[in-house]
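Report on the following structure.
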Amino acid sequence: QVQLVESGGGSVQAGGSLRLSCVASGRTFSRYAMGWFRQGPGKERQFVASIAWNAGRTTYADSVKGRFIISRDNAKNTTYLQANSLTPEDTGVYYCASALHPYGLGLHARTEFGYWGQGTQVTVSS
C-alpha cells in the first residue's frame, strides 16, 4: 500500500526556515502529483502547495506564495517543502499527500488526494 513519511518539522523563531521532506512508497511515485497541507490549532486542514507529477506546475496557497517552495525528486521518491520567512501563523501539523489519480496538475482540494502521511509538527514562535 502507499505510505508517506514526513520529516523535518521542528520549532523555529519567526523569520526562520525549515525544509520538510516526504518519502513515498508503494506505487510509481513519478506518476502522481504531490501536495502539502497543514492544520493549525483549532483549524481545518488547509492546502499549502502542490506539484505536478512531472514537476511542470506548482500551485500555492496565497498565504505562502513567495515564501514556500515545493519541489520533488522522482529518483528519490521524495517531495520537499522549503518554508522560509516563517511566522507564528504558519504553526501547525504539516501533512504530505499523494494524488488520488495519476498525471494531475494544479491540484489543491483535499478530495483530489488519496493518501496522507502522519504529519510533522511545525511551531513558529514570535
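This chain uses plain numbering: 1 for the first residue, then up along the sequence. Quantities reported herein were computed from a predicted structural model and do not represent experimental measurements.
Under the 3.5 Å distance criterion, the side-chain polar atoms of T91 are left unmatched by any main-chain donor or acceptor of E89. Under the 3.5 Å distance criterion, the side-chain polar atoms of R57 are left unmatched by any main-chain donor or acceptor of A52.
With respect to F47, the ring-ring contact (aromatic ring centres under 6.0 Å, His included) criterion is satisfied by exactly one of F37, W36, Y60, F68: F37.
How far CG of N54 is from OG of S30: 9.5 Å, rounded to the nearest 0.5 Å. In this structure, OG1 in T58 is found 12.0 Å from CZ in R72, a value given to the nearest 0.5 Å.
K43 pairs by the salt bridge (charged side-chain N to carboxylate O under 4.0 Å, His left out) definition with nothing, not counting sequence neighbours. Applying the side chain to side chain contact (heavy atoms under 4.5 Å, CB included) test to S25 and every residue at least two apart in sequence or in another chain returns Q3.
Under the 4.5 Å side-chain heavy-atom criterion for grouping Ile, Leu, Val, Met, Phe, Trp and Tyr, V23 is not connected to F29 through any hydrophobic cluster. Under the 4.5 Å side-chain heavy-atom criterion for Ile, Leu, Val, Met, Phe, Trp and Tyr, I70 and V48 are members of the same hydrophobic cluster. By the criterion of side-chain heavy atoms lying less than 4.5 angstrom apart, applied directly or through intervening Ile, Leu, Val, Met, Phe, Trp or Tyr residues, Y80 is not grouped with L86; the two fall into different hydrophobic clusters.
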Taking only distance into account, with no hydrogens and no angle test, what donor-acceptor pairs under 3.5 Å do side-chain atoms of residues 94-113 form with protein atoms, sequence neighbours excluded?
| residue | atom | partner | partner atom | Å |
| --- | --- | --- | --- | --- |
| Y94 | OH | R38 | NH1 | 2.9 |
| Y94 | OH | D90 | O | 2.6 |
| S98 | OG | R27 | NH2 | 2.6 |
| H108 | ND1 | G106 | O | 3.4 |
| E112 | OE1 | H108 | N | 2.8 |
| E112 | OE1 | A109 | N | 2.9 |

Quiz: residues 12-22 side-chain donor-acceptor pairs under 3.5 angstrom, not counting sequence neighbours:
| residue | atom | partner | partner atom | Å |
| --- | --- | --- | --- | --- |
| S17 | OG | N84 | OD1 | 3.0 |

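The side chain to side chain donor-acceptor pair (under 3.5 Å) contacts involving residues 115-126 comprise E6-Q118, Q121-T123, where partners must be two or more places apart or lie in separate chains.
Under a 4.5 Å side-chain heavy-atom criterion applied to ILVMFWY residues, the cluster that includes V5 comprises that residue alone.
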